[in-house]
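One-based numbering, in listed order, for ligands and for the atoms of each.
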Amino acid sequence: MDRMPLARSEQLYNRAKKFMPGGVNSPVRYYDPYPFFAVSSHGSKIVTADHKTYIDYCMGYGALLLGHAYPSVLDAAKAQMDKGTLYCVPTELEIRLAETISKVVPCAEMVRTVNTGSEATMNAIRLARAFTKKKGVIKFDGGYHGAHDYVLVKAGSGAASLPASEGVLEEASAQTSVVPYNDSAALERAIEKNRDTACVIIEPVLANIGLVLPDKNYLSEIRKITEQKDVVLIFDEVVTGFRLAIGGAGEFFGIRPDLATFAKALGNGFPVAAIAGRKEIMQQFSPAGNVYQASTFAGNPVSVSAAIATLGTMMEARQAIYPQLARTCDSIVEGIKEELEDIGGLDCTINSIGSMYQVFFTADKVRDEATARKADAIKFRRLFDELLERDVFIPPSQFETCFVSYAHDEEDIDKTVEAYGQAFRKIKE
Ligand SMILES: Cc1ncc(COP(=O)(O)O)c(C=O)c1O
């Protein structure tokens, strides 16, 4: 289709690519022929340099659970900024954050605060290796845990469109084996095969290869297998943390991993992340132990204040927030299904859980990376373009997930469902 020209965004993109590789600071932000540029955001909306306002379902790739520019979070960060932005000495704020995470996340006996999800998974794996004195890592096909060498193997998200990243140290990635998701027998075989396995790292719900849900009992089987084989189980809750439930997937599915990593929704738009888990493993972090992890900005008072305010809001209003998120998401998914039924002849599967959903152009069940890849990605790309024409912004790739926030309202739902209906009709033409 011919996209409506976005004059200002095109100009900005042409300027950006002269000094920034590919014109963006993270590859998933690029799409053909150029992405729209943002100037502001509020609630469920993102405003572009071309004066367009879109209903946002990218929502910072899941970071903005409460919505853009949530007042109590902004107030907390602004109030802290007046008192200084970086001390690099401890603060009581950091204790409050660790105590709060410990209160809401069942496995979080201790917490280390970092800045990004990638830092969190990298250091969780390092902890697991030190604890077990073993080297191997097992991850799942299509699982994404950030852009570092330990995990950039058959990864999802933007990496799903590359054969393999160049520059990754083979010696590091060779220690990482990959098994299919939703196949506990395959995991058991992989651990049997490599007795040097230190940890299994899993997104409890895959959210970076589209959205893929765990089969019934799958996560408890994984917990059992890892426990029996003395392998550290890491739940990468960068997406699911504080989203599926305030206690994340651990609470939602009633499973206690040894370690868990958090980012995204923890700061509702501020860069803050955490590694949490069993005390005896966490105590290895230097200076208590000998696993070195350090960062100038870790625990900085602005991000930490934002995170305390985010968790405070979630704790206070959890009885309202989580049911509302689920209702909004269900209404969108039900609405999309009704549109598809009305139109007929377009085979789609929709996976959804809590406040996340994704549409796949395939009649088959999508339950792992292989089945996600069978979906028609060209039709998906058409869907993205057609929705954007109708002021609805979803992540531009099939291998991402759509995120609903606490700010999305009835009007958003109606407009979104209508936009999907019109988009599907165009795709069918
Ligand atoms: C499940 C998961 N883990 C880790 C990461 C990496 O987080 P960050 O981009 O903050 O480094 C992501 C990012 O999308 C993610 O979805």
### Summary
Honestly, for Ala263 the part within reach of ligand 1 (heavy atoms, under 4.0 Å) is neither
### Query
What part of Val238, side chain, backbone, both or neither, has a heavy atom within less than 4.0 angstrom of ligand 1?
side chain
### Task
Check Thr261 against ligand 1 and report side chain, backbone, both or neither, counting heavy atoms closer than 4.0 Å.
neither
#### Entry: Minimum side-chain heavy-atom gap Ile332-Tyr57 below 4.5 Å
yes
#### Entry: Test of ring centre spacing under 6.0 Å for His145 and Tyr150
no
### Message
Quick check on side-chain contact (heavy atoms from CB on, under 4.5 Å): which of Arg223, Lys224, Lys229 does Glu227 satisfy it with?
### Response
Arg223
### Query
Under 4.0 angstrom from ligand 1, any heavy atom of Glu237?
no
### Query
Does an N or O anywhere in Ser118 fall below 3.5 Å from an N or O of ligand 1?
yes
### Identity of the nearest option to atom 2 (C) of ligand 1, non-hydrogen atoms only, from Phe262, Phe235, Tyr144
Tyr144
### Task
Check each heavy atom of Glu119 against ligand 1 and say whether those closer than 4.0 Å belong to the side chain, the backbone, both or neither.
neither
#### Entry: 4.5 Å side-chain heavy-atom contact, Val28 and Tyr61
yes
### Query
Less than 4.5 Å apart, any side-chain heavy atom of Pro395 and any of Cys402?
yes
### Query
Any N or O of Lys264 that comes nearer than 3.5 Å to an N or O of ligand 1?
yes
### Task
For the pair Asp196 and Arg129, find out whether any cationic side-chain nitrogen is under 4.0 Å from an anionic carboxylate oxygen.
no
### Task
For the residue pair Ile255 and Pro204, establish whether any side-chain heavy-atom pair is separated by less than 4.5 Å.
no
### Query
Which of the atoms of ligand 1 are close to Thr116, meaning less than 4.0 Å from one of its heavy atoms?
10 (O), 11 (O)
#### Entry: Proximal ligand 1 atoms for Glu203, defined as those under 4.0 Å from one of its heavy atoms
1 (C)
#### Entry: Contact atoms of ligand 1, heavy-atom distance to Gly117 under 4.0 Å
6 (C), 7 (O), 8 (P), 10 (O), 11 (O)
### Query
Looking at Asp412, Thr416, Asp409, which hits side-chain hydrogen bond (donor to acceptor under 3.5 Å, both in side chains) with Ser44?
Asp412
### Query
With the threshold set at 4.0 Å, does a side-chain nitrogen-carboxylate oxygen contact exist between Arg381 and Asp385?
yes
### Query
In the protein, what heavy atom is nearest to atom 16 (O) of ligand 1, and what distance, to one decimal place, separates them?
Asn208 ND2, 3.0 Å
#### Entry: Nitrogen or oxygen of Asp236 less than 3.5 angstrom from that of ligand 1
yes
### Message
Could you tell me, atom by atom, which parts of ligand 1 come under 4.0 Å of a heavy atom of Gly146?
### Response
4 (C), 5 (C), 6 (C)
### Query
Can you name the one residue among Asp50, Thr48, Val39 that meets side-chain contact (heavy atoms from CB on, under 4.5 Å) with Arg8?
Asp50
#### Entry: Heavy atom of Tyr61, distance to ligand 1 below 4.0 Å
no
### Task
Below 4.0 angstrom from a heavy atom of Val239, which ligand 1 atoms are there? Numbered from 1 as shown, please.
16 (O)
